[in-house]
Structure formats: structure tokens, C-alpha cells
Novice: 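Let me begin by handing over the structure; questions about it come next.
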Amino acid sequence: MSDTLQITDIKVDGYERVVCGTDSKSGLRAFIAVHDTTLGPALGGLRMWPYESDEAALFDVKRLSRGMSFKSAVAHTGLGGGKAVIVGDPKKLKSEALYLAMGRFIDSLGGRYITAEDVNTSIEDLEIIRRATKHVTGLARKDGGSGNPSPYTAYGVYVGIRAALGWKFGNDDPKGRTVAIQGIGAVGSALARRLIQSGATVYAADRNTERLSQLAAEIGVKPVDETQIMTMTCDVFAPCALGAVLHDESIPKFKTPIIAGAANNLLLEPRHGKMLQDRDILYAPDYVINAGGIINVSVEFNPGGYDEKVSLTKIERIPQALKELWTISREERIPTSDAADRLAERILVDARKKKRAQAMPKGR
Ligand code: NAD
């Protein structure tokens, strides 16, 4: 253990543990938030970002770790929610010493927090972290990890889109349907391939026009201008690029009955869920439909180790979770985004009750 690593606890209501770690030698300043471990150890990625202040970093790590608890609960991964952030500019601060210090910081939590890739953190960074702690997931298959999560995220979105088609039209077959994909990167392109193989017509827009033309030639996606992808008439709009694309200006212009895609934090503000409901647009909440990647990572904790078959079977339960929350939305007349949070909270409350009951001495 480095003598220069300092760890300070920060008391935050509603979180099991929040800690700040600093290391003067490597310049590390990081926060780890363990939101909830009722369902299992808190898994969540490690983000590196040039936050303006400690308050901004703390706000982000708390928000993201709570989000991970909800995501894992609804996806039944058997994991809890946590997150870590390193404060700093990745272009200037990244070093071997920094990641080794971060590894020791993660290790100090004794496995209650397990890290993974996130914004500005690569597999190579995780490999350095792993030299200081075993509590790392999402490494390459050759290193015993579950590998790149994107194809699994795409598969989850694909089965989620089928569920949405079934819910809206009474037939989940993508054949003959039109899907507009915004962002044809790692997830978007894998999703497009599956949809086209199933007989759907896929329109796509991407900032990277070269990649778009390549995919048009390769798999037959139909290129659309970036400015038109959100307003075109289609059966499904699948946002797979950026978050915060559902807001006051975009929502009134949609000509789609379904929004279902991979991007995180799609609603600019929670109230935009209500705007979608008022327009009768079926929204598949982002953290439910894009859980394929985390489900795949969670399979690393299987007693027999990672097994792709187990992963795919678990991902195929995403439609069930979506139908459950759409039912809550219909019965309680609330937006589907609120219904997802309600479902997650219910799962967590039930698990806490069960745990407490098991902890009670028998016969009392
Ligand atoms: P990616 O970087 O591989 O792809 C994103 C694509 O979007 C790029 O090709 C980029 O050029 C394009 N893009 C950016 N801005 C755009 C715009 N305004 N209009 C059109 N295209 C634009 O990322 P990814 O791994 O495919 O992830 C896509 C989204 O899904 C991200 O929001 C990510 O956070 C989320 N997500 C990904 C995973 C995963 O397993 N990769 C899991 C959960 C959530």
C-alpha cells in the first residue's frame, strides 16, 4: 500500500459509502460512490473528466452510481450500483502511477466496489489498475474478461425494439418496419446489421460520413442527413450517439411512434418523459434497453466464469423488464421513464426486506 495514498470518507445520505482518494505522488484525485450493495457488489465504470470542482465531481459520481443501482436491479445482474471518477484532463494526467494509485484506492474498498471501462478509460488503463486490485471487470477475453460489451448492448437494444414493436403494433417482427438510427458506431452498426438481417429497412445518420458510406455499401443502411434523422417518418427512432436528445424542441417534431436506443441519459430533464407520454410515443427507458453490456459483464461473476450462452439468455429478458415497466406506466398513468425508476425501487426495497428477514434470528 502506498504511503502517499490518502482516503477520506464523505457522509452522504442514501449512499452506503462515498470516499475521496488522493495521491500526491501521481496527482490522483478521485471519488468512489458505493450507492447500494443489497443485490451484490457495486459495479460501475471509472470515468476521467476535467471537473471544474470537487462538488461537480461528487455530484456526477453520486448521480452515476445511483443510476447503476437502478440499471443493475432492473436487469437482474445480481450486482449493486457504484461508480468512480478521476478529476483531471485525460490528455495531461494519464500515467501508469496514476492508475496504480487508483487501483490501490479501489482495492481499499475490499471488493464492495468493482470497476470497469467508462468515458476516457480504456482496457489498457484497466490492465494497469488490475496490477493493484483484482476488482476489475470488462477486460479482454484473452485475459479472462467478458470483452467488448458493444455487440451485447446492441443485441439487448434489438430484442428491446422487437418488444416495443409488439407492444405498439401487436406484432414484434421487424420485417417491413423502418428504423432510423442516430449514430452508427460500435452499438449502432451492430444493431443495424441485426435489423437488416430481420428484414427491416434501416436509415442512419452519423457525423462520420465516411463510416456511414462504408456501412451503406457493406450492409445496406440508407444514409440520412444528421439534421433529418430525428424528424423523419419511421416506425422506430433509435438514438445510439449522444444523450440529452429528447427535449422541448425535438419532442414535438418526432414522426415516430417508438423511441428505443442505446444512448445514455436520453431525456434532457425528467419532465421530458411526460412530454413523450402526452404525444403517445412509446419510450423504452435508456438504462433498461441498453443493459446488454452490463449483463454481459455481470456473467464474469458466474461460478464457472464467463459464458456467452448465459449472457445471451439473460439479455433476452430485457423485453420482459420493458413489458413490466410499460404495464406500470399504463396502469399508473405515469411516463415510462418514471415507471422504470419505480420498478427499480421496488426491486431494491423487496431485496432489502428479504435480506433483513434472512438476518433475523429464526423463531422470532
Ligand atoms: P461510438 O462512439 O462507437 O458510436 C457513436 C457514434 O455516434 C459515432 O460513430 C459518432 O460519429 C456518432 N455521432 C456522434 N454525434 C452524432 C450526431 N450528432 N449525429 C449522428 N451521429 C453522431 O459509441 P457506442 O459504443 O456505439 O455507444 C453509443 C451510445 O450508447 C453512447 O451514448 C453510449 O454511452 C451508449 N452505450 C453504449 C454501450 C456500449 O456497450 N458500447 C452501453 C450502454 C450505453
Side-chain angles (χ1 to χ4, degrees), residues 43-47 49 60 63-64 67-68 70-72 74-75 77 81 83 116-123 126 137-140 145-161 179-195 202-216 218-219 221-232 237-247 249-250 259-268 284-300 311-312 315 318 340:
L43 188 135
L46 167 63
R47 183 167 290 199
W49 198 254
D60 213 25
R63 173 182 76 90
L64 293 165
M68 287 309 296
F70 280 25
K71 183 172 186 162
S72 261
V74 175
T77 60
K83 203 85 184 181
E117 231 184 309
D118 200 77
V119 178
N120 291 324
T121 311
S122 65
I123 297 260
L126 291 183
T137 52
L139 291 165
S146 53
N148 177 10
S150 305
Y152 301 94
T153 303
Y155 183 49
V157 176
Y158 170 76
V159 292
I161 285 176
V179 183
I181 303 183
Q182 180 182 48
I184 198 119
V187 178
S189 60
L191 172 65
R193 264 175 227 276
R194 285 194 180 271
L195 287 165
V202 174
Y203 295 88
D206 200 294
R207 285 259 150 101
N208 185 339
T209 47
E210 209 176 297
R211 183 177 167 76
L212 187 57
S213 313
Q214 198 188 324
L215 283 164
E218 222 179 274
I219 59 169
V221 297
K222 298 187 184 309
V224 173
D225 191 82
E226 199 189 299
T227 56
Q228 279 157 27
I229 195 78
M230 289 173 72
T231 51
M232 65 176 287
F237 169 61
C240 297
L242 312 163
V245 294
L246 307 179
H247 48 65
E249 272 99 71
S250 64
I259 297 180
N264 282 310
N265 303 318
L266 280 167
L267 301 176
L268 180 62
D286 42 28
Y287 71 80
V288 181
I289 194 167
N290 75 13
I294 184 97
I295 292 171
N296 191 56
V297 162
S298 74
V299 176
E300 286 185 23
S311 172
L312 296 176
I315 292 169
I318 288 177

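Counting starts at 1 for both ligands and their atoms, in listed order. Quick note: residue numbers are just sequence positions, from 1. Because the structure is a prediction, the values reported are computed rather than measured.
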Novice: Atom 31 (C) of ligand 1: which of Ala262, Ser150, Pro149, Ala241 has the nearest heavy atom?
Specialist: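 It is Ala241 whose heavy atom sits nearest to atom 31 (C) of ligand 1.
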Novice: Check whether the side chains of Thr137 and Glu300 place a donor and an acceptor atom closer than 3.5 Å, and report yes or no.
Specialist: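 Absent: no donor and acceptor within the cut-off.
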Novice: Do ligand 1 and Leu242 have nitrogen or oxygen atoms that lie under 3.5 Å from each other?
Specialist: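 No: no nitrogen or oxygen of Leu242 is under 3.5 Å from one in ligand 1.
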Novice: Please state whether Ala263 comes within less than 4.0 angstrom of ligand 1, counting heavy atoms only.
Specialist: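 So Ala263 counts as touching ligand 1.
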Novice: What part of Thr153 sits under 4.0 Å from ligand 1 if we count only heavy atoms: the side chain, the backbone, both or neither?
Specialist: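 Answer for Thr153: side chain.
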Novice: State, with a plain yes or no, whether a side-chain heavy atom of Thr77 is found less than 4.5 Å away from one of Val297.
Specialist: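 Side chain of Thr77 against side chain of Val297, heavy atoms only: no contact under 4.5 Å found.
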Novice: Do any heavy atoms of Ala205 fall under 4.0 Å from ligand 1?
Specialist: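 Yes, Ala205 has heavy atoms under 4.0 Å from ligand 1.
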Novice: Quick one: does any side-chain atom of Asp286 pair with a main-chain N or O of Leu266 as donor and acceptor, under 3.5 Å?
Specialist: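 Checked: pair present.
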Novice: Is there a side-chain contact between Arg47 and Thr121, using heavy atoms and a 4.5 Å cut-off?
Specialist: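 Arg47 does not reach Thr121 side chain to side chain.
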Novice: Any luck finding a side-chain donor-acceptor pair between Asn296 and Ser311 under 3.5 Å?
Specialist: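 Yes, side-chain donor-acceptor contact under 3.5 Å.
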Novice: Quick test of your reading of the structure: of Arg211, Glu117, Glu226, whose heavy atom lies closest to atom 19 (N) of ligand 1?
Specialist: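 Residue with the shortest heavy-atom distance to the ligand atom: Glu226.
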Novice: Is any side-chain heavy atom of Leu215 closer than 4.5 Å to one of Arg193?
Specialist: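 Yes. Closest side-chain heavy atoms under 4.5 Å.
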Novice: Report the member of Lys71, Arg207, Met230 with the shortest heavy-atom distance to atom 15 (N) of ligand 1.
Specialist: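 It is Arg207 that holds the nearest heavy atom.
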Novice: Hey, is atom 23 (O) of ligand 1 under 4.0 Å from any protein heavy atom?
Specialist: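 Given the 4.0 Å limit, the answer for atom 23 (O) of ligand 1 is no, no protein heavy atom qualifies.
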Novice: Compute the shortest N/O to N/O distance between Ala186 and ligand 1 and return yes if it is under 3.5 Å, no if not.
Specialist: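 Yes; the residue has a nitrogen or oxygen that sits under 3.5 Å from a nitrogen or oxygen of the ligand.
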